[in-house]
Enquirer: 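This structure is in structure tokens; I'll ask about it shortly.
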Amino acid sequence: MIACSMLVSSIALADLANIEPYRGAQLVKSGTDDVSLIEVPLGKIRRSGRGWEPESVIRVKGENSYSLYKINRNEPLSSVLAYYKSVMLKGDRRLLFECDGRNCGSSNAWANNFFKQYLLYGADDNQMLMSLQDGLGDYQVLYINQRGAGDIMVWISDISTNATGKADFEVAAQFDVQDIPRIRRFLSDLLPSQHVVGYVSSKAEAGYSALSRGDQFIKQIQLGIGERLQAKVRFINVADMGRTSLGQDRVSFVYILP
């Protein structure tokens, strides 16, 4: 009965994202989180203060269905990676971010800090991460790593924003307000015709109100990016009155539609 239940769960979750598991993959666990704020990673993971976080994320409200699979150690890692790269890009999915090996950052941080699944921990050289969005506006996140014992672990997350009607906020990119190099790089990569709004969120601290700190952050960013890039963006100080998806002490960029 348990095996039958696991099989049904595996098929249901695979159908949800239209992602067929690798041959012989064993379902370790699966489930669905209630509607909550979910982070879709768009960059390598790095230290941030006393913790870890991706360099950039999209925060959305939705229903997160996930599956964790284990693949036998006799299967070549290269074959597993190639299979999932191929199947994830089928249909109308659009690749938002991809990394592999050490370019993804610390595997330990991905496993234990971001996904909170210790079974995903393996060598930094053996990992791969993909974040995608399909034609319905839903997101898929794939993370693969090979453990020291040789087993290959596969995490697939399907985030349905249609469960709440739409994403909480259509954020193109989000950064720590003091991460000037990455803010400058994002703005530099915009096409000549592209412009964005930068929503700056902040919190009260050390005798300064959230609003005054937001003004300070905007001045620091403008000084750091220079006049040329300032023409590409209009900053709005939302202090601590913005949506939860904007976080705190962050700048969230939204494309201005023509």
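Predicted model, so just to flag it, every value in this text is computed and none were measured.
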Enquirer: Is it true that the side chains of Y255 and Q194 contain a donor and an acceptor less than 3.5 Å apart?
Expert: no
Enquirer: Are Q127 and D100 linked by a side-chain donor-acceptor pair shorter than 3.5 Å?
Expert: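 Result is no, nothing qualifies.
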Enquirer: Does the side chain of N145 pick up a donor-acceptor pair with the side chain of N126 at under 3.5 Å?
Expert: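 Looking only at side-chain atoms, N126 and N145 do not form any donor-acceptor pair under 3.5 Å.
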Enquirer: Please tell me if the side chains of V251 and Y199 come closer than 4.5 Å, counting only heavy atoms from C-beta onward.
Expert: no
Enquirer: Please check if the side chain of R93 supplies one atom and the backbone of Q133 the other of a donor-acceptor pair under 3.5 Å.
Expert: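 A pair under 3.5 Å: no.
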Enquirer: Centre-to-centre under 6.0 Å for F253 and F186, is that the case here?
Expert: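 Yes, close enough.
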Enquirer: Please list all pairs meeting salt bridge (Lys or Arg N to Asp or Glu O under 4.0 Å) that have one or both residues in residues 70-89, counting only residues at least two apart or in different chains.
Expert: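 Residue pairs with at least one partner in residues 70-89: R23-E75, R73-D151, K85-E98.
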Enquirer: Which residues satisfy the salt bridge (Lys or Arg N to Asp or Glu O under 4.0 Å) test with R184, sequence neighbours excluded?
Expert: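 Result, salt bridge (Lys or Arg N to Asp or Glu O under 4.0 Å) vs R184: none returned.
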Enquirer: With ring centroids as reference points, do W52 and F114 lie under 6.0 angstrom apart?
Expert: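 So the answer is no for these two rings.
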Enquirer: So how far is it from I159 CD1 to Y66 OH, rounded to the nearest 0.5 Å?
Expert: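 Rounded to the nearest 0.5 Å, the CD1-OH separation comes to 13.0 Å.
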Enquirer: Considering only residues two or more places apart or on different chains, which pairs with a residue in residues 113-122 satisfy salt bridge (Lys or Arg N to Asp or Glu O under 4.0 Å)?
Expert: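 Pairs touching residues 113-122 that pass the test: none.
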Enquirer: State the CG-CZ distance between L42 and F175, to the nearest 0.5 angstrom.
Expert: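 One gets 8.5 Å once the value is rounded to the nearest 0.5 Å.
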Enquirer: Under the side-chain hydrogen bond (donor to acceptor under 3.5 Å, both in side chains) criterion, do S78 and Y83 qualify, and how do the steps go?
Expert: CA-CA 9 Å; S78 58; Y83 171 79; over 6 Å; no
